[in-house]
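Data block below; observations after.
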Amino acid sequence: MRLLLVEDDAMLGRAVLAGLKQAGYSVDWMSAAQSALHCLQEEDYDLVVLDLGLPDLDGTEVLRWMRRNGGSTPVIIITARDSIADRVGGLDLGADDYLSKPFDIEELMARIRALLRRRTGRAEQTIHYRDITLYPDALRVTLQGEEVPMTRREYLLLQELLSNTGRVMTRGQLEEAVYDMGQDVASNAIEVHIHHLRKKFSNDLIRTVRGVGYLVEKA
Ligand code: CA
């Protein structure tokens, strides 16, 4: 997941950046609207965290540009302007969520996860990988056309791995995909789910990359 953070306050920007990175997102951090617009033209982002009070242009201009250009990338506005009018204005412009400063980083993370989930949910496309098919609508999986019984967590873990083939996924990233925030996660939980997935599909479906995480090769 690649995120764009647009925030000119150095201290807040650093804190948000650290939180996002810790959650396993790759992040580009820009502190002005023009450089953010440049990034948006160059890169595809999964989500944008957008401050409104920026040194060059108002953040709403960035949002306006994105929506005018047909982008549906989710945007969370973070701003000190917290009047109802501003809130409604931001949402009218096509922001997906709105967080007033000061806010808790954990609160921002939860909103981001919710938006990304909604977005993934919106796609609802079946995922094909070799002889495995995932049906996100129903959290169902088939192997060579035969339904494979799965727990919800196994399903989410497999979906995350198969949506990121060719990339090594860290345990933290996988936990993020499988567990809700604040849930206690046993340190070997992902390992246990991986073990079950290997038994249900095949031993060599998921590779362990020692000291880093897990990898499913590109199909
Ligand atoms: Ca600002």
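In listed order, ligands and their atoms are each counted from 1.
No donor-acceptor distance shorter than 3.5 angstrom exists from the side chain of Asn164 to the backbone of Arg167, with no hydrogens or angles considered.
For the Ca ion (ligand 1), protein N, O or S atoms closer than 3.0 Å were enumerated as Asp8 OD1, Asp51 OD2, Gly53 O, with waters left out.
For Asn69, the CG atom sits in a packed shell: over 12 heavy atoms of surrounding residues, nucleotides or ligands are nearer than 6.0 Å. By the neighbour-count criterion of 12 heavy atoms within 6.0 Å, atom CD of Glu146 is sparsely surrounded, having that number or fewer from other residues, nucleotides or ligands.
A salt bridge between Asp97 and Arg113 is absent, with no side-chain N of the basic residue lying under 4.0 Å from a carboxylate O of the acidic one. One finds no salt bridge joining Arg111 and Asp96 here, because no Lys/Arg side-chain nitrogen approaches an Asp/Glu carboxylate oxygen to under 4.0 Å.
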In a table with atom names and distances, give each donor-acceptor pair under 3.5 Å that connects a side chain of residues 50-60 to protein atoms at least two apart or in another chain.
unit_1 : atom_1 : unit_2 : atom_2 : d
Asp51  : OD1    : Gly53  : N      : 3.4
Asp51  : OD1    : Lys101 : NZ     : 3.0
Asp56  : OD1    : Ala33  : N      : 2.8
Asp56  : OD2    : Ala33  : N      : 3.2
Asp56  : OD2    : Gln34  : N      : 2.9
Asp58  : OD1    : Thr60  : N      : 3.0
Asp58  : OD1    : Thr60  : OG1    : 2.8
Asp58  : OD2    : Arg81  : NH1    : 3.4
Asp58  : OD2    : Arg81  : NH2    : 2.8

